[in-house]
Amino acid sequence: MSELPAAFLADLHAALGDALDCRPASLQAHAGDNSWRQQLPLAVISPTNIEQVQAALRCCQRHGVAVVPRGTGTGTTGAAVPTPGSVALSLARMDSILAIRPADRCAIVQPGVLNGTLQQALQAHGLFWAPDPSSFEICSIGGNLATNAGGPRAVKYGTTRDNVLGLKAVTANGELIVCGGPWTKDATGYDLTHLLVGSEGTLAVIVEATLRLQPLPADRAGLRVFYADAASAAAAVARLMGQPVVPTVCEFLDARSLELLRGNGAQVPEAGAMLLLDVEGDSDSLPGLLAALGKACEGEGLLDMDVATDGIARERLWAARRALSPALKTIAPGKINEDVVVPVSRIPELVAGVQALSARFALPIVTFGHAGNGNLHVNILYHPDDTEENQRAHAALPEVFALVLALGGTLSGEHGIGLAKRDFMADAFNPATLALMRAIKQAFDPAGILNPGKVLPPA
């Protein structure tokens with residue numbers, strides 16, 4: 001507490017009472033996210049309502065103190081890591097589902113609601129919210145909104161941005177703004193809702209969201225398809241996405257992923273690549289949908305195909321995919337996980353280029369992810385205590401981004417930019433585009449107190 005200016009501390013106490021926490025354990029708990037970065041905040045503010053968020057931001061604005069909004073800290077880019085001399089604004093206690101409106105196919109929630117908690121509450125109404133990041137059981141809706149999170153279902157339903165109808169947010173000067181609402185068509189003014197989604201807390205603090213819901217499918221079926229090489233699998237993805245039946249999920253695993261799974265006891269045959277597909281329908285339509293997907297999967301390089309039409313069989317198909325991320329820890333404790341995106345047709349070049357980097361930097365790099373969107377996770381594995389290996393891992397990262405951009409891709413599909421990719425934004429956008437982004441930041445946050453240093457590189 002001695003690091004906080006006395007006047008600022010007194011102002012915070014007066015405005016927030018027990019929502020202010022300066023205990024060392026709390027500071028440590030809010031010092032990082034699911035990346036390797038750490039920075040202690042000066043204090044932790046944990047509001048329970050919109051008025052406290054407004055009071056906190058007004059106080060920080062008066063004293064020129066930076067504010068870093070955060071959810072549960074499952075992000076991987078350092079977006080929720082405090083800036084030196086900042087306070088952490090945790091939205092975890094704003095965790096109420098305010099309304100579920102089945103007739104309007106929407107739910108109104110506070111940002112601290114966990115994705116998994118919301119999904120459970122929606123089941124009783126025969127509904128679900130489409131974004132399904134792998135951390136869905138523990139990540140918050142606010143974090144999903146901040147990073148424009150996705151997940152396997154994004155192939156059919158889109159990412160978070162596509163599943164938000166409206167927001168309430170607090171600006172840097174404490175003003176409440178309201179955009180969008182419980183309707184699915186809106187041609188009224190600028191689309192601030194979708195501008196704020198994915199802005200990583202740099203423009204405003206989201207305090208309430210109206211989410212678009214979907215009906216639970218009557219039934220599902222799955223396919224597991226093996227190919228001789230990544231090029232054959234990518235060609236199949238192009239065929240899958242070019243025909244009328246849209247899979248709910250289309251996941252890609254490279255040869256190294258499959259080798260890793262076999263080494264950990266999974267029943268996966270040797271192959272150059274694997275696709276995992278899910279499709280939704282009812283008992284009458286599923287056979288035809290499966291047949292259409294199966295036909296699209298056929299082609300050069302096809303080795304084998306498994307079909308699963310019941311829950312137990314589907315569970316077996318997906319067990320290997322779910323086991324993959326934990327299995328990476330058996331190779332090395334350190335992991336740089338980047339969620340790059342390329343056109344589907346360039347997936348083979350991305351996989352080949354990544355494996356060339358793996359050989360060049362003498363590090364295991366495993367590639368898998370959401371092939372239907374061209375969004376693959378490139379996992380650079382290393383031992384953080386090995387100084388030389390650590391240096392090689394972080395030297396390989398710019399090469400991955402350079403490869404992706406050369407293939408006509410982009411830096412992130414669902415994790416966001418944060419600190420991890422901020423310095424590569426100048427490679428991804430021309431100066432005029434970056435200048436406009438900076439002007440938007442300036443318009444929302446002229447004093448620069450909201451999550452400074454994230455997303456945009458220094459001018």
Side-chain angles (χ1 to χ4, degrees), residues 15-16 19 45-61 67-71 89-113 115 118 121-122 127 129-131 140-149 158-213 416 437 439-451 455:
L16 300 167
I45 299 170
S46 300
T48 58
N49 55 53
I50 292 173
E51 292 74 23
Q52 286 187 329
V53 175
Q54 292 179 283
L57 288 173
R58 286 172 182 148
C59 180
C60 290
Q61 178 96 309
V67 182
V68 179
R70 63 178 290 125
L89 179 63
S90 169
L91 284 306
R93 293 208 297 170
M94 294 180 66
D95 61 353
S96 295
I97 299 173
L98 301 174
I100 296 174
R101 296 167 58 169
D104 295 318
R105 290 271 180 89
C106 72
I108 302 171
V109 303
Q110 291 184 313
V113 174
N115 186 305
L118 176 62
L122 293 175
L127 299 167
W129 191 50
S140 68
I141 300 297
N144 296 167
L145 294 163
T147 60
N148 190 29
T159 60
T160 296
R161 184 175 279 122
D162 303 303
N163 292 279
V164 178
L165 300 174
L167 297 174
K168 290 183 180 178
V170 177
T171 63
N173 63 4
E175 294 296 322
L176 181 68
I177 59 174
V178 181
C179 39
W183 46 79
T184 56
K185 293 184 73 175
D186 188 354
T188 313
Y190 299 119
D191 188 353
L192 297 180
T193 301
H194 294 103
L195 175 61
L196 291 178
V197 175
S199 63
E200 303 183 37
T202 62
L203 302 181
V205 178
I206 295 170
V207 292
E208 185 178 299
T210 302
L211 308 177
R212 178 200 300 267
L213 304 180
M437 291 184 184
I440 291 169
K441 166 69 172 173
Q442 177 69 17
F444 272 88
D445 179 23
I449 68 164
L450 285 177
N451 214 3
V455 181

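As a basis for the values below, the full set of heavy atoms in this structure was taken, side chains included, without hydrogen atoms, waters or symmetry mates.
Shown here are the side chain to side chain donor-acceptor pair (under 3.5 Å) partners of Asn163, two or more places apart in sequence or in another chain: there are none. Residues that satisfy the side chain to side chain donor-acceptor pair (under 3.5 Å) test with Lys168, not counting sequence neighbours, are absent from this structure. Take Thr184 and apply the side chain to side chain donor-acceptor pair (under 3.5 Å) test, not counting sequence neighbours, and it matches no residue. Shown here are the side chain to side chain contact (heavy atoms under 4.5 Å, CB included) partners of Pro47, two or more places apart in sequence or in another chain: Ile45, Gln52, Val53, Leu89, Leu91, Met94. Shown here are the side chain to side chain donor-acceptor pair (under 3.5 Å) partners of Asn148, two or more places apart in sequence or in another chain: Thr159. Ala15 is linked by a side chain to side chain contact (heavy atoms under 4.5 Å, CB included) to Ala55, counting only residues two or more places apart in sequence or in another chain. Partners of Ala146 by side chain to side chain contact (heavy atoms under 4.5 Å, CB included), not counting sequence neighbours: none found. For the side chain to side chain contact (heavy atoms under 4.5 Å, CB included) test, residues two or more places apart in sequence or in another chain that qualify with Pro446 are Gln442. Residues satisfying the salt bridge (Lys or Arg N to Asp or Glu O under 4.0 Å) criterion with Asp104, sequence neighbours excluded, are Arg101.
The two residues Ala149 and Thr160 make their nearest non-hydrogen contact at O-OG1, 2.7 Å. Nearest heavy-atom pair, Ser140 versus Gly71, reported as atom, atom and distance to 0.1 Å: OG-CA, 3.6 Å. Of all the heavy atoms in Leu196 and Cys179, the pair that sits closest is CD1-SG, 4.3 Å. The two residues Ala447 and Gln61 make their nearest non-hydrogen contact at CB-OE1, 3.4 Å. Of all heavy-atom pairs between Gly201 and Asn451, the closest is O-CB, 3.6 Å. Between Ala209 and Leu145, the closest heavy-atom pair is CB-CD1, 3.7 Å.
Applying the salt bridge (charged side-chain N to carboxylate O under 4.0 Å, His left out) test to pairs two or more places apart or on separate chains, none has a residue in residues 48-57. Residue pairs meeting the side-chain hydrogen bond (donor to acceptor under 3.5 Å, both in side chains) criterion with at least one member in residues 192-211, sequence neighbours excluded: Asp191-His194.
In this structure, CZ in Arg93 is found 9.5 Å from CG in Asn49, a value given to the nearest 0.5 Å. The CG atom of Leu165 lies 9.5 Å from the CG atom of Asp186; values are rounded to the nearest 0.5 Å. Annotation: the span from Gln54 atom CD to Leu176 atom CG amounts to 5.5 Å, rounded to 0.5 Å. The CD1 atom of Ile97 sits 9.5 Å away from atom CG of Leu211, with the distance rounded to the nearest 0.5 Å. Here CG of Leu195 is found 12.0 Å from OH of Tyr190. Values are rounded to the nearest 0.5 Å. Taken to the nearest 0.5 Å, the CG atom of Leu450 stands 6.0 Å off from the CG atom of Leu57.
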Check residues 105-112 and write down every donor-acceptor pair under 3.5 Å in which the side-chain atom is one partner and the other belongs to a residue at least two apart or another chain.
from: Gln110; atom 1: OE1; to: Asp95; atom 2: N; distance (Å): 3.2
from: Gln110; atom 1: OE1; to: Ser96; atom 2: N; distance (Å): 2.9
from: Gln110; atom 1: OE1; to: Ser96; atom 2: OG; distance (Å): 3.4

Item to complete: Evaluate the side-chain contact (heavy atoms from CB on, under 4.5 Å) criterion for residues Val197 and Leu167: first the C-alpha distance (whole Å), next the side-chain angles of each, then the deciding distance (0.1 Å), finally the verdict.
Response: CA-CA 9 Å; Val197 175; Leu167 297 174; 4.0 Å; yes
